[in-house]
**Q** 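The structure's right below; bear with me while I get my questions together.
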Amino acid sequence: MRTSHTTTGQTARPQTSGTEEPAADVGPRPGGWFLRRAGAYVALTKPRVIELLLVTTVPTMILAADGLPSFWLILTTLVGGAGAAGSANAFNMWWDRDIDQVMNRTKKRPMATGEITPRAGLVFASILGLLSLTWFAVMINWAAMWLTLGAIAIYVVGYTMILKRRTPQNIVWGGIAGCMPVFIGWASVTGGLSWAALALFGIIFFWTPPHYWPLSIKFKKDYANANVPMLPVVSDDKRVAAEMVGYTLAMIACSLLLTPLAGMSWVYTVVAAVLGGWFLWSTIAMLRRAQGKASGKLGAMKVFHGSITYLSLLFVAVAVDVFLPF
C-alpha cells in the first residue's frame, strides 16, 4: 500500500479498502538497535578479510613449533591478530569513507552510509588497535607486539593514506601488511624470525597481486569513479594478466624454497608444485584470453576465487607436513 502526498507537502494517511484491517503498530524489537549497531562495528573490521589472515597464522605457528603449540598460545595469538587486523581495517574505512560512498562495492559500509560517524569509527579503531598491541605485549611477547604495530602502520599509513590513491603499485607494497601475520605467528612461538618465516612471507607477498587484481578488474569502474589508480584502471587487461603470471612464478619459487629452509618433506613439495602449477595455469589462461588467443570471457573472478583456494590448501599442507612421520 502506497502513501500519497498532498500538495502542501504533508503526508496523507494510507488509504485502505473497506475489508482491510488496519496494520498493528509493531514497535522495534527489544535489543534491535543494539544488535544493528554491534553488527555495524563488526562490519568495520572486515571479518572476511580477517578470516584469510588467520588461516595463514595457525599453520605458521605449527611449523615454527615443529608440532602443535599450546592451545592457549594459538588462541591468544588469534585473538590479538584479529583485533589488530580489525583495527587496521576500521582505520581504512575511516580514511576511505569518501571514496566508499561512490563505489558500488563499498557504498553500504557503515561509515559510508553514516550509520557510524567518522569520530566514532576513529575512536573504535584506535581503542581496538591499542588493546591488540597491549594484548600481544602482555600475553605473548614484545617481538609479536612490535611486528603487529608494524602491520597496522603499513596498512593504515603506507597503503591506505599514501599508496592507494597515488600509484598503480599500491596493492603490491601495501600488501606487505597482509604478509605480517606469518611473522607475528612465527614470533609468537619463537620470539624471533627465521629464513623459513621469510619464505612464508614471500609466498603471501607475491600471491597478493594475482589475488587482488582480478577483483580490481571486476570493479574497474568503481575504482575509476573514485580516482583510485589500481593497475587494471590505468593499464589494459593484457598487462595486468602478464604481471599476474610473473608474480605467480615468484610465489611458486618461494613456496618451493620453503622445503630446504624449513626441512619440509617431499609430500609438501609435491603439493606445493601441483597447487602452484594449477594456479599458474589459471593466470596463463587469463592472459591468453586477454590477448585474444583463447575464446571466452576474461574469467578474472575465477582466478580470484582460485587464489583463495590455492593459499588455503598450501598452508594446510604446511601444517600437515609437520606431523608426517618422514
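Note: hydrogens, waters and symmetry copies are ignored here, and every other heavy atom, side chains too, is used.
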**Q** Do R165 and D96 meet the salt-bridge criterion of a basic N to acidic O distance under 4.0 Å?
**A** yes

**Q** Any ring pair (Phe, Tyr, Trp, His ring centres under 6.0 Å) pairs touching residues 82-138, not counting sequence neighbours?
**A** Y41-F124

**Q** Could you tell me if the side chain of V316 sits less than 4.5 Å from the side chain of P59, heavy atoms only?
**A** no

**Q** Tell me whether S87 contacts the main-chain N or O of A125 through its side chain, where contact means a donor paired with an acceptor under 3.5 Å.
**A** yes

**Q** In chain order, what residues pass the salt bridge (Lys or Arg N to Asp or Glu O under 4.0 Å) check against D222, with sequence neighbours excluded?
**A** none

**Q** Under 3.5 Å, is there a donor-acceptor pair between the side chain of D100 and the main chain of K107?
**A** no

**Q** Under the side chain to side chain contact (heavy atoms under 4.5 Å, CB included) test, which residues partner F71, sequence neighbours left out?
**A** L75

**Q** Could you tell me how the ring of F206 sits relative to the ring of Y247: parallel (under 30°), tilted (30 to 60°) or perpendicular (over 60°)?
**A** tilted

**Q** Whether the side chain of Y268 engages the backbone of S255 through a donor-acceptor N/O pair (distance < 3.5 Å, no angle test) should be reported.
**A** yes

**Q** Is N225 reaching over with its side chain to a backbone N or O of K221, donor-acceptor style, under 3.5 angstrom?
**A** yes

**Q** Does the side chain of T45 come within less than 4.5 Å of L128's, by heavy atoms?
**A** yes

**Q** Say whether, by atom type as modelled, one donor and one acceptor occur between the side chain of N92 and the main chain of A88 under 3.5 angstrom.
**A** no

**Q** With distance as the sole test, does R166 use its side chain to make a donor-acceptor pair with the main-chain N or O of I162 at under 3.5 Å?
**A** yes

**Q** I'd like to know whether L68 forms a side chain to side chain contact (heavy atoms under 4.5 Å, CB included) with F323, so could you lay out the CA-CA distance, the side-chain angles of the two residues, the decisive distance to 0.1 Å, and finally the verdict.
**A** CA-CA 9 Å; L68 191 64; F323 300 103; 4.1 Å; yes

**Q** Which atom pairs, one a donor and one an acceptor, fall under 3.5 Å between side chains of residues 277-285 and the rest of the protein, sequence neighbours left out?
**A**
| from | atom 1 | to | atom 2 | distance (Å) |
| --- | --- | --- | --- | --- |
| S282 | OG | F279 | O | 2.6 |
| T283 | OG1 | L280 | O | 2.7 |

**Q** Is any side-chain heavy atom of K297 closer than 4.5 Å to one of R289?
**A** no

**Q** With a cut-off of 6.0 Å (strictly less than), are more than 12 heavy atoms of other residues, nucleotides or ligands near NZ of K220?
**A** yes

**Q** Nearest 0.5 Å please: distance from the OH atom of Y310 over to the OG1 atom of T248.
**A** 8.5 Å

**Q** Compare all side-chain heavy atoms of I184 with those of T57 and state whether any distance is below 4.5 angstrom.
**A** no

**Q** Checking the side chain of S312 only, and the main-chain atoms of T309 only, is there a donor and an acceptor separated by less than 3.5 Å?
**A** no

**Q** Only counting residues at least two apart or in another chain, list the ones meeting salt bridge (Lys or Arg N to Asp or Glu O under 4.0 Å) with K46.
**A** none

**Q** Between T76 (side chain) and W72 (backbone), is there a donor-acceptor pair under 3.5 Å?
**A** yes

**Q** Not counting sequence neighbours, which residues clear ring-ring contact (aromatic ring centres under 6.0 Å, His included) with Y155? List them please.
**A** Y159

**Q** Under a 3.5 Å distance rule, please check whether W207 uses its side chain to pair with a backbone N or O of L311 as donor and acceptor.
**A** no

**Q** If we only count heavy atoms from C-beta on, is the F315 to V182 side-chain gap below 4.5 Å?
**A** yes

